[in-house]
Student: 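One structure follows; several queries about it will come next.
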Amino acid sequence: MAWFYLILGGIFEMGWAVGLKLSQLMSVKIWGILMAVVSMSLSMFLLYLAQRTIAIGTAYVIWTGIGAVGTLLVGIFFFGDSAGFWRLFSAALIIIGVIGLKITA
């Protein structure tokens with residue numbers, strides 16, 4: 001169950017960054033900010049639950065990795081961010097590191 005909490009927490013980690021971006025694009029900024037605050041709170045709570053059984057270093061790196069790579073992909077697909085080779089290559093390195101930590105955990 002801890003891994004489920006961790007993955008879900010990583011998804012909510014993406015939510016706060018997307019919420020902040022949406023607040024810049026929306027005429028009523030409070031909805032984006034509210035999305036960011038709720039997502040951040042849920043993300044941290046789920047990380048807290050996951051850390052009860054997963055080592056803190058492993059949990060934190062996987063949590064931030066999901067958030068970072070997921071947010072990068074959301075930016076590319078929905079906000080027109082650059083999808084250059086080096087950005088995608090760097091994201092792949094993050095994914096390889098996360099998989100390596102999961103395998104050795």
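Quantities reported herein were computed from a predicted structural model and do not represent experimental measurements. Only this structure's heavy atoms are used, side chains among them; waters, hydrogens and symmetry mates stay out.
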Student: Enumerate donor-acceptor pairs with a distance under 3.5 Å from any side-chain N or O in residues 77-89 to protein atoms, sequence neighbours excluded.
Tutor:
unit_1	atom_1	unit_2	atom_2	d
Ser82	OG	Gly84	N	3.3
Arg87	NH1	Ser82	O	2.4

Student: Tabulate below the donor-acceptor pairs under 3.5 Å that side-chain atoms of residues 23-37 make, not counting sequence neighbours, or state none.
Tutor:
unit_1	atom_1	unit_2	atom_2	d
Ser23	OG	Leu20	O	2.6
Lys29	NZ	Ser23	O	3.3
Lys29	NZ	Met26	O	3.4

Student: Which ILVMFWY residues can you reach from Ile56 by hopping between side chains whose heavy atoms are under 4.5 Å apart?
Tutor: none
Student: In chain order, what residues pass the side chain to side chain contact (heavy atoms under 4.5 Å, CB included) check against Ala50, with sequence neighbours excluded?
Tutor: Tyr5, Leu6, Ile54
Student: Measure the spacing between CE of Met44 and CG of Leu49 and express it to the nearest 0.5 Å.
Tutor: 14.0 Å
Student: Do Ile96 and Leu101 belong to the same hydrophobic cluster, where Ile, Leu, Val, Met, Phe, Trp and Tyr are linked whenever their side-chain heavy atoms lie under 4.5 Å apart, directly or via other members?
Tutor: no
Student: Got a sec, which residues hit side chain to side chain contact (heavy atoms under 4.5 Å, CB included) with Leu42, two or more places apart in sequence or on another chain?
Tutor: Phe12, Val38
Student: Does the Lys NZ or Arg CZ of Lys21 fall within the cation-pi geometry relative to Trp16 - under 6.0 Å from the ring centre and within 45° of the axis?
Tutor: no
Student: Mind checking whether Ile95 and Val98 sit in one hydrophobic cluster, side chains of I, L, V, M, F, W, Y counted as touching below 4.5 Å?
Tutor: yes
Student: Determine the minimum heavy-atom distance between Ala2 and Thr53, stating which atoms define it.
Tutor: CB-OG1, 2.9 Å
Student: Donor-acceptor pairs under 3.5 Å, side chain of residues 61-74 to any protein atom, not counting sequence neighbours: which ones?
Tutor:
unit_1	atom_1	unit_2	atom_2	d
Trp63	NE1	Gly9	O	3.4
Trp63	NE1	Ser43	O	3.4
Trp63	NE1	Ser43	OG	2.8
Thr64	OG1	Tyr60	O	3.0
Thr64	OG1	Val61	O	3.2
Thr71	OG1	Gly67	O	2.6

